[in-house]
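Single-structure report; data block below.
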Amino acid sequence: MIEVVAAVSAATSAFGAIKKGFEVGRDIESMAGDLSRWMGAVSDIQKADQYNKKPPLFKKLFASGSVEEEAMQIFMAKKKAEDMRGQLKQIITFSRGPSAWEELLQTEGDIRKKRQKAIYDQQERRRKFIEVIAIILLIGVVVTFVGSIGYMLLQTKGMI
């Protein structure tokens, strides 16, 4: 699953590099890598929020840590990402104009779609596969347990 703390850390470091780049006069094009890292980390934060709203089956059963703690982490991460987005909008709009911000939003949408297809879908398939295997194993254990009890009952009655 997505680690919120790692995503916030990545977003913060990429945002710091972007701000420093603008301070020293770099143009947006030369900071494409930093922007991409920042957008990817923000996308991870948003995906973590989606997972938190609809957690996987076994996370519901065996969650480590409190639900409130995780919800607060995600909430704070989202707010920090919103603050960074606002600052970034101001910087880009001031230095390159409003059309540059719209272009950046389009690029961000493209990156999010690619990440969805490449990373998140793979994680979702892996999670579902593990859940199916775990359910099959659990059913096997229950059937074996019930069968053993039935066998012992039949054996004590002398039917076997």
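Residue numbers start at 1 and run along the sequence shown.
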field: Met31 to Ala17 - nearest heavy-atom pair and separation
entry: SD-O, 4.4 Å

Residues which pass side-chain contact (heavy atoms from CB on, under 4.5 Å) with Ile133, listed by chain and number, not counting sequence neighbours: Phe129, Leu137

task: Mind checking side-chain hydrogen bond (donor to acceptor under 3.5 Å, both in side chains) for Gln46 and listing every partner two or more places apart, or none if nothing turns up?
output: Arg112

query: Which pair of non-hydrogen atoms, one from Leu88 and one from Phe22, has the smallest distance, and what is that distance?
result: CD1-CE1, 4.5 Å

- prompt: Would you say Ser148's side chain and Thr144's backbone share a donor-acceptor pair under 3.5 angstrom?
  reply: yes

- line: Grouping ILVMFWY residues whenever side-chain heavy atoms fall under 4.5 Å, the cluster of Leu153 otherwise contains Phe145, Ile149

- prompt: Can you name the side-chain contact (heavy atoms from CB on, under 4.5 Å) partners of Ala10, sequence neighbours left out?
  reply: Ala41

query: Would Met84 end up clustered with Leu105 when hydrophobic side chains under 4.5 Å apart are linked, directly or stepwise?
result: yes

Pairs touching residues 84-95 that satisfy side chain to side chain donor-acceptor pair (under 3.5 Å), sequence neighbours left out: Arg85-Glu108

- prompt: If every non-hydrogen atom of Ala81 is compared with every non-hydrogen atom of Ile45, which pair is closest and at what distance?
  reply: CB-CD1, 4.4 Å

query: What distance separates Leu35 CG from Phe15 CZ, expressed to the nearest 0.5 Å?
result: 10.0 Å

- prompt: So how far is it from Arg26 CZ to Asp34 CG, rounded to the nearest 0.5 Å?
  reply: 6.0 Å

query: Taking atom CD of Gln123 and atom CZ of Arg127, what is their separation to the nearest 0.5 Å?
result: 10.5 Å

- request: Enter the distance from Gln50:CD to Lys47:NZ here, rounded to the nearest 0.5 Å.
  value: 4.5 Å

query: Cluster question for you: counting only ILVMFWY and a side-chain heavy-atom cut-off of under 4.5 Å, with indirect links fine, are Ile135 and Val143 together?
result: yes

Between CD1 on residue Ile130 and CZ on residue Arg125, distance to nearest 0.5 Å: 13.0 Å

message: According to salt bridge (charged side-chain N to carboxylate O under 4.0 Å, His left out), does anything in residues 74-84 pair up with another residue at least two apart or in another chain? List the pairs.
response: Asp49-Lys78, Lys79-Glu82

Closest non-hydrogen atom pair, Arg37 against Ala14: NH2-CA, 3.5 Å

task: Could you please spell out the steps behind the side chain to side chain contact (heavy atoms under 4.5 Å, CB included) verdict for Leu104 and Met39?
output: CA-CA 10 Å; Leu104 181 67; Met39 290 176 189; 2.9 Å; yes

